[in-house]
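Presented below is the structure to which this report refers.
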2 protein chains.
Amino acid sequence: MKLSTKGRYAVMAMVDLASTSHGNPVALADIAERQEISLSYLEQLFAKLRRGGLVRSVRGPGGGYLLAHASDQTRISDIILAVDEPIRATRCAPGSPVGCRANKARCLTHDLWEELGNQIHLYLSSVTLANVVSRRVLGTSGVLEGAEAPLAEPMVAAQ
Amino acid sequence: MKLSTKGRYAVMAMVDLASTSHGNPVALADIAERQEISLSYLEQLFAKLRRGGLVRSVRGPGGGYLLAHASDQTRISDIILAVDEPIRATRCAPGSPVGCRANKARCLTHDLWEELGNQIHLYLSSVTLANVVSRRVLGTSGVLEGAEAPLAEPMVAAQ
DNA sequence: TAAATTCCGACTGCTTTTCTCGGGTATGGC
DNA sequence: GCCATACCCGAGAAAAGCAGTCGGAATTTA
């Protein structure tokens, strides 16, 4: 899980789309103006979002983009995963963590980064576009509802 | 809270220091060799760690670096904050979030990033150097032992 | 004094990120 | 059929940050 401005731009744009499209396509130019992001850059982001199945496009005049799913079905983590290339969190041998054992001193931190990635993914998976639009990102207690449930299924390596 | 390889190097080096120093100074050259990090680069990182009060230095032959505090008193979050410049998670007006209200459409995501930063900081604050050295980063359940105790002091905004 | 070690600042090459440009292609309205 | 609108695409420029280098200075031990 990578955190860069690219992912943030994508989320900002998706929030804009979710809050302005009431079933109608929204042109990228409008989003670009409201969010102050260059149109060409947005096009690149939305190309990835489309390939990731998060938005649908309508070409021609009156066209634009639509959410592929309802805003409460679109998780923030999906958006970030769609636009950001996965990165290698450790400098271990590519592929399996076999190379780690060769130099165990270096990879004591391996589990730490992996678990941190899990934590980030867990949080961003618990927030939907609808949550952000309605400004319900977190409860007042600082604890996210529904986030306490321990992971049942093995979490995908966050990378 | 920024997450880059610089912070990871710093944590790797601090883990190395914590696990090899038994009260004696450890020379950076030794850490550099074990962790395969260039000496000069390590020097830059440790300069920041020293300014951050995380390590003490001993000059001259037989010198090196010592943890300023016990390894179970040194939190991973402190290390990363010491070496990584804070980044602005949002492109709002610097300082207060006043500028946000001018263009509220752009800053719907403000709370989201802030809370994400809190989540990351919360996790990294719950892990100490001692945890990593003893490979107890997380339990098999995915829940960290000893991490349940909520921080008493107010959490710094992660930025 | 000589050697080991931290300390310091500037600079460089490299990679990644961010952004721009110049075109294409589909589509609806006249 | 034209044309404006809007998505689509790839190449590359500009900027930023990372990782490393270099040369030296200060401090301490032996």
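This is a predicted model, so every value here is computed, not measured. By convention in this document, chain letters (A, B, ...) are assigned in the order of the sequence lines, proteins followed by strands, and residues within each chain are numbered from 1.
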Discussion item. Counting distance alone, no hydrogens or angles: does the base of C/dT20 have a donor or acceptor under 3.5 Å from a partner atom on the side chain of A/Gln44?
Written reply: yes
Fill in: Under 3.5 Å donor-acceptor, A/Ser21 side chain and A/Ala18 backbone
no
Response to the item:
Here the distance between atom P of C/dC8 and atom CG of B/Leu49, to the nearest Å, is 14 Å
Item to complete: Could you state the atom-to-atom distance from OH of B/Tyr41 to P of C/dC14 in whole Å?
Response: 17 Å
Worksheet entry | Spacing of B/Leu39 atom CG relative to D/dG23 atom C1', expressed in whole Å | 14 Å
Item to complete: Scan A/Ala27 against the nucleic acid and name what it touches under 4.0 Å (heavy atoms): base, sugar-phosphate only, or nothing.
Response: sugar-phosphate
Worksheet entry | OP1 or OP2 of D/dC18 under 4.0 Å from side-chain N/O of B/Tyr9 | no
Item to complete: Give the C-alpha distance, both sets of side-chain angles, the deciding distance and a yes or no for side chain to side chain contact (heavy atoms under 4.5 Å, CB included) between B/Ile31 and B/Met12.
Response: CA-CA 9 Å; B/Ile31 298 178; B/Met12 283 165 57; over 6 Å; no
Discussion item. Quick check on contacts: within residues 53-66 of chain A, what sits under 4.0 Å from DNA chain D by heavy-atom distance?
Written reply: A/Ser57, A/Val58, A/Arg59, A/Gly60, A/Pro61, A/Gly63, A/Gly64, A/Tyr65
Worksheet, complete the sentence: Comparing B/Ser40 with A/Val26, nearest DNA chain D nucleotide closer to 5' gives the residue A/Val26
Worksheet item: Going only through I, L, V, M, F, W and Y residues with side-chain contacts under 4.5 Å, is there a path from B/Val15 to B/Tyr41?
Response: yes
Worksheet item: Does a distance-only test, which skips hydrogens and angles, find a donor-acceptor pair under 3.5 Å between the side chain of B/Glu43 and the base of C/dC7?
Response: yes
Discussion item. Nearest whole Å is fine: how far is C/dT18 P from A/Lys48 NZ?
Written reply: 10 Å
Worksheet entry | Between D/dT21 (P) and B/Ile37 (CD1): distance, integer Å | 13 Å
Practice prompt. Taking all heavy atoms of A/Ala10 and all of A/Leu45, pick out the closest pair and write down the distance.
Written response: N-CD1, 4.0 Å
Worksheet entry | Spacing of A/Leu28 atom CG relative to D/dC9 atom C1', expressed in whole Å | 14 Å
Worksheet item: Say you draw a straight line from CG of A/Leu67 to OG1 of A/Thr74; how long is it, rounded to the nearest 0.5 Å?
Response: 5.5 Å
Worksheet entry | Rounded interatomic separation in angstrom, taking CG from B/Leu45 and P from C/dG9 | 16 Å
Worksheet item: Could you state the CZ-C1' distance from A/Arg51 to D/dC7, rounded to the nearest angstrom?
Response: 13 Å
Practice prompt. For B/Met14 and B/Leu49, work out which heavy atoms get closest and say how close.
Written response: SD-CD1, 3.8 Å
Discussion item. Can you tell me if A/Arg50 touches the phosphate of D/dC9, counting only side-chain N or O atoms and a distance under 4.0 Å to OP1 or OP2?
Written reply: yes
Worksheet item: Same hydrophobic cluster for B/Val11 and B/Leu39, using side-chain heavy-atom links shorter than 4.5 Å among ILVMFWY?
Response: yes
